[in-house]
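Comments concern the structure below.
From a predicted model like this one, the values you see are computed outputs, not experimental measurements.
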Amino acid sequence: MIDALPEKGVPADQILAELRELRAGDLPTHGGRLFAYVYDPALDGLDELARAAHALSASVNGLDPTAFPSLLAMENALVAAAAKLLGGDASTVGSVTSGGTESLILAVKAARDAHPSLQNPRLVVPSTAHAAFAKAAHYLRVGLDVVPVQDLRADPAAMAAAIGPETVLVAASAPSYAHGVVDPIPELAAVAAERGVRFHVDACFGGWILPYLRRLGADLPPFDLAVPGVTSISVDLHKYAYAPKGVSILLHRSEELRRPQYFAYADWPGYTMINPVISSTRSGGPIAAALATLRSIGDAGYLDLAASTREAVRILAEAVEATDGVRLYAPPETSVVCLASAGVDLFVLADELAARGWHTQPQMAYRELEPTIHLTVTASVRSTVASFASDLCAAVEAARARGPVELPPLPPLTPEMITPEFIAVLAEGLGLGGGDFSRMAEVNTVLNAAPPALREALLTGFLSLLQRPVQGA
Ligand SMILES: Cc1ncc(COP(=O)(O)O)c(C=O)c1O
């Protein structure tokens with residue numbers, strides 16, 4: 001139990017030892033065996049550099065660029081680099097945000113506030129768009145029109161049909177997180193432009209690797225600001241730019257398009273608040289760390305990292321194709337390998353892979369899409385991937401031997417029935433009480449069977465159960 005406010009201060013050595021002990025219980029952020037949440041280029045000395053840069057600017061406040069011109073210079077440099085990589089020109093402007101979700105919320109805000117007279121502004125996205133668009137729509141009270149996809153890709157005709165007089169933004173992915181496929185951006189951008197609607201490309205996930213994959217010869221469509229009709233694009237530096245967490249870039253084709261993104265308020269007795277992004281006070285730490293990362297790796301370095309990633313994807317995909325019991329669910333055209341079952345219980349398989357040190361991300365069934373296992377592949381995987389094929393075979397065998405999860409009949413549940421007491425009993429019954437999350441097949445099977453609203457209620461309840469202050473430390 002951690003006492004965050006001890007009566008007397010604790011020596012630095014002890015604090016760091018305690019933090020290291022806590023961190024030892026986490027999944028491994030390095031080593032190429034965790035296929036979600038982390039992005040590891042496996043470059044010697046990069047972590048140390050990024051940490052030093054972070055420390056140098058951690059206390060700097062991005063609230064006022066006239067007080068801290070260092071941060072303004074760094075932000076402008078990062079935006080310029082992203083614009084250069086993503087087809088921008090002399091008119092391109094942008095902002096540094098804290099992550100993909102913030103970039104998407106701001107893209108939606110800019111589009112909404114460009115039409116102050118609309119009563120019910122709406123956003124059109126394909127069903128494979130990231131959940132952050134739903135969050136943006138929810139926070140900003142913008143209606144969300146979710147359009148079914150065809151073969152995991154946005155369907156331009158169906159998207160066109162969804163655009164109405166109140167649509168302020170159309171968006172699509174390059175690539176989608178769940179399957180790693182790139183939507184047909186030129187066709188979609190044309191459809192939006194024809195109707196005079198803004199079009200945002202969510203390249204948060206892959207925006208920093210796609211240009212390099214294309215340079216390496218990958219057959220991928222144009223997706224960036226060079227495509228006519230694309231009005232904004234987002235790219236997370238804490239993903240394939242391999243920067244520490246907390247940095248994304250939102251680019252707009254012009255300053256005029258960016259203007260409604262800003263929030264300004266002078267009508268109070270304190271300082272006039274002008275915020276280009278959601279946060280007001282902002283640490284310079286992540287921004288300096290991102291700049292250091294980009295400058296250390298450089299363009300040639302990113303090309304090498306993309307080549308390693310591409311090779312790792314190829315080897316992983318071949319392993320999936322060669323293994324009886326699983327199959328590729330989506331074409332491995334970017335940096336994702338997404339596999340589905342061909343006879344094995346996927347959730348048991350995910351546990352068996354984890355038991356062999358490969359941490360993947362199960363994805364639940366959604367509408368007509370079956371459950372899958374997602375692998376975000378980063379450059380570090382290249383050095384560990386050789387042993388994946390044999391471990392996958394062994395994991396499939398073990399999953400077959402264990403057999404599929406058989407749940408006892410559950411009472412019909414509705415979200416309203418999910419009380420804190422119910423969650424506490426369920427968590428205990430599913431073996432989650434002790435904080436061991438290594439065997440999740442039963443839990444995932446329950447969640448997979450639950451419709452989205454019930455799944456949301458169950459997981460919200462569970463997170464709320466976890467997030468409780470420590471008593472009596
Ligand atoms: C395509 C896409 N968009 C947006 C996001 C949200 O990014 P963040 O988690 O940095 O808020 C992600 C995260 O994985 C993503 O893959």
(request) Could you name each residue pair satisfying ring pair (Phe, Tyr, Trp, His ring centres under 6.0 Å) that touches residues 70-109, not counting sequence neighbours? (result) none
(message) For T293, is there any backbone N or O sitting under 3.5 Å from a side-chain donor or acceptor partner on S296?
(response) no
(message) Considering only residues two or more places apart or on different chains, which pairs with a residue in residues 167-201 satisfy ring pair (Phe, Tyr, Trp, His ring centres under 6.0 Å)?
(response) Y177-F205, Y177-H374, H179-Y329
(request) Please check if atom CZ in R259 has more than 12 non-hydrogen atoms from other residues, nucleotides or ligands closer than 6.0 Å. (result) no
(message) Would you say that more than 12 heavy atoms from the other residues, nucleotides or ligands in this model lie under 6.0 Å from the OH of Y139, or not?
(response) no
(request) Return yes if a side-chain donor-acceptor contact under 3.5 Å exists between E102 and S98, otherwise no. (result) yes
(request) Classify the ring geometry between W358 and F35 as parallel (under 30°), tilted (30 to 60°) or perpendicular (over 60°). (result) parallel
Under 3.5 Å donor-acceptor pairs involving side-chain atoms of residues 74-81, not counting sequence neighbours:
from	atom 1	to	atom 2	distance (Å)
E75	OE2	R282	NH1	3.0
E75	OE2	R282	NH2	2.8

(message) Between T272 and Y265, do the side chains contain a donor N or O and an acceptor N or O under 3.5 Å apart?
(response) no
(request) Look at R215 together with D299 and state whether they make a salt bridge at an N to O cut-off of under 4.0 Å. (result) yes
(message) We want to know whether E256 and S254 form a side-chain donor-acceptor pair, criterion being a heavy-atom distance below 3.5 angstrom.
(response) no
(request) Locate the shortest heavy-atom distance separating K245 from Y37; write the atom from each residue and the value. (result) NZ-O, 3.0 Å
